[in-house]
Amino acid sequence: MTDDGSVACQDADGPIHLERLTRRGDFLRAARARVAKTRGLVLQAREREAEGAIRVGFTCSKKVGNAVARNRAKRRLREVARLDLPRSARPGWDYVLIGLRERTAMRDFADLRADLASALGRIHR
RNA sequence: GCGGAUGGCCGGGUGGCCGCGCGUCUCCCUUCGGGGGGGAUGCGAGGAAAGUCCGGACUCCAGAAAGCGACGGUGCCGGGUAACGCCCGGGCGGGGCAACCCGACGGAAAGCGCCACAGAGAACAGACCGCCGCCCCCGCGGGGGCGGCAAGGGUGAAACGGUGGAGUAAGAGCCCACCGGGGGGCCGGCAACGGUCCCCGCAUGGCAAGCCCCACCGGGAGCAAUGCCGCAUAGGGGGUCCGCGACGGGCGGCGCUUUCGCCCAGGGCCCCGGGUAGGCAGCUCGAGCCUGUCGGCGACGGCAGGCCCAGAUGAAUGGUCACCCCCCGGGGUUCGCGCCCCGGGGACAGGAUCCGGCUUACAGGUCGUCCGCGCAC
């Protein structure tokens, strides 16, 4: 992050398009594959195919809180994914980011990005 | 100034950087029906979007009207409204010095039921203590018997009108005045109701949020409604009953009846499956919002002008940083107000077919109006 607060953007190879998961079955399949838990979020992922689009989905259940709390957690997860996944994710994989009560919404944003990086490292191992 | 009552309004702001959804215009690519991408521009959550408690619009159950009976709801009167259980105005009752607030506020001589405990007696009342008269007994304090009474005490949520007087042996609406109550007339008011006059000595306590009675209202299900397309499949299969062309049968998902109307060559019942909530329409211009004006005490309505104001669907309106504003804590400085620095916090809460209400949640700010007290005049 730069001094003026603007967010560094990955643009070396141009924008990498992220597809969005919308089918319930995709979420269930990702949940049965690999899981990494951090303080601010939980990451689930599966290798769908060798090549192809990076797909990402977000889950914030009623456990996260009321509608406002769920929306806020989901928006922060979406922002984290937008900033870092194009650079760190692997082609052909599906990722699901899961929000946690209080922690996803309250955690410092830089720490949340670090959580995602750490989770990705463990998932890809 | 202090305390209180009440009605509105707002509910973070500005600026960087990076993003999102939808509409319109435009350009590019294309396996040109359509799909994908870029750019510009416009719009993009709430006062409660919430709870889903009422009332509607809309859609389907072919439809329409009426009656009876269930069932549910509403319940002082008048008005507003598309409608309401909402709102406004008024009445009555209760609370408060007051502003003002609160009220399931129809009917108890239609009927049934209930009134615990306490108490002598609790609904065609009743006599425990007590009061009074007469008689008897005794070591005159008192005790007993017969009768009269219901004022006082006591019980209770409630004791068969209340207060005062007259009256009496003591008493009692027995009588009188006032209050309360009942009946009738007149007056004011659309009405709820109020006022007043006459009569009645008082004759029927409470609970209707126990059943009930009366008046009025209500058909059911819901946008995952409903329609179209696509995919899948078997545009299903089996059993049984009635019927196969008529004065027969069926037709809103409470039942019955009547009238009109509609449908039928099949229909009713039971058993055995699969698939799925994919796309489009519904889907946002509406009992709409703003301004002015007129009518009305007001809720609200009329008229004129202007405006277009979310339409997502794993569900957009965000992420982050800085400054400002407010609050809290610590430190410095100052007699103190204040100022500066650091840290923390800024509510309740997110549309999902759309409106009108109600209810509940809510940091803080702001604008009125009114009342009481104190001070000044």
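Letters go in sequence order (proteins before strands), and every chain restarts at 1. Everything quoted here is computed from the prediction, not taken from an experiment.
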Sort out the partner of rG75(B) for me: Watson-Crick or G-U wobble, both distances under 3.5 Å, none otherwise. rC214(B)

Quantified in whole Å, what is the P atom distance between nucleotide rC290(B) and nucleotide rG44(B)? 16 Å

Taking the chi torsion of rG141(B), is it syn (within 90° of 0) or anti (everything else)? syn

Backbone of Lys63(A) reached by a side-chain donor or acceptor of Arg101(A) within 3.5 Å: yes

Heavy atoms, side chains only, cut-off 4.5 Å: are Tyr95(A) and Arg90(A) in contact? yes

Can you check the distance between rA192(B) and rG93(B), where both ends of the measurement are the P atom (answer in whole Å)? 16 Å

Interatomic distance at P, rC193(B) relative to rA108(B), whole Å: 13 Å

Regarding rC309(B), purine or pyrimidine glycosidic angle vs 90° from 0 gives syn

Using purine N1 to pyrimidine N3 plus N6-O4 or O6-N4 for Watson-Crick, or N1-O2 and O6-N3 for G-U wobble, each under 3.5 Å, what pairs with rG292(B)? rC303(B)

Are Arg78(A) and rU317(B) close enough that a side-chain N or O sits under 4.0 Å from OP1 or OP2? yes

When you compare the ring of Phe109(A) with the six-membered ring of rG319(B)'s base, are the centres less than 5.5 Å apart and the planes under 30° from each other? no

Span that lies between the P atom of rA159(B) and that of rA122(B), in whole angstrom: 14 Å

Check: Arg70(A) side chain, Gly65(A) main-chain N or O, donor-acceptor pair, under 3.5 Å: yes

In rA45(B), glycosidic geometry as syn within 90° of 0 or anti otherwise: syn

Per nearest nucleotide of RNA chain B, the residue lying toward the 5' end, Phe27(A) or Asn66(A), is Phe27(A)

Taking the minimum atom-to-atom distance to the side chain of Glu79(A), which one of rG314(B), rA45(B), rG319(B) wins? rG319(B)

Could you check if the base of rG173(B) is syn or anti? Syn means the glycosidic torsion is within 90 degrees of 0. syn

Rounded to whole Å, how long is the line connecting atom CZ of Phe58(A) with atom P of rA316(B)? 11 Å

Would you indicate, yes or no, if rG350(B) has its OP1 or OP2 atom less than 4.0 angstrom from a side-chain nitrogen or oxygen of Arg72(A)? no

Span that lies between the C1' atom of rG4(B) and that of rC105(B), in whole angstrom: 29 Å

Could you tell me how far apart Leu85(A) (CG) and rG19(B) (P) are, to the nearest whole angstrom? 16 Å

Return the value, rounded to whole Å, for the distance between atom CD1 of Ile98(A) and atom P of rG314(B). 18 Å

Here the distance between atom C1' of rG314(B) and atom CZ of Arg55(A), to the nearest Å, is 13 Å

Take Thr104(A) and Cys60(A), measure what side chain to side chain contact (heavy atoms under 4.5 Å, CB included) needs, and give me the verdict at the end. CA-CA 10 Å; Thr104(A) 303; Cys60(A) 289; over 6 Å; no

Check ion pair Arg82(A)-Glu79(A) (N to O, under 4.0 angstrom): yes

Given the P atoms of rC129(B) and rG143(B), what is the spacing between them in whole Å? 12 Å

Say you pick atom P in rG103(B) and the same atom in rC358(B); how far apart are they, in whole Å? 15 Å

Using a heavy-atom cut-off of under 4.0 Å over every strand shown, decide if Arg70(A) touches base, sugar-phosphate, or nothing. nothing

May I ask you to decide if Ala30(A)'s main-chain N or O and Asp94(A)'s side chain share a donor-acceptor pair within less than 3.5 Å? no

With rounding to the closest Å, how many angstrom separate the C1' atoms on rG222(B) and rU81(B)? 26 Å

Give the rounded distance in Å between these two atoms: CZ of Arg82(A) and P of rU320(B). 12 Å

Quick one: look up who rG23(B) pairs with, Watson-Crick or G-U, both distances under 3.5 Å, and put none if it's unpaired. rU41(B)

At under 4.0 Å between heavy atoms, what does Arg76(A) touch on the DNA or RNA strands: base, sugar-phosphate, or nothing? sugar-phosphate

Would you call rG47(B) syn or anti, using the 90° rule around 0? syn

On the nucleotide rU317(B), are OP1 or OP2 found under 4.0 Å from the side-chain N or O atoms that Arg75(A) carries? yes

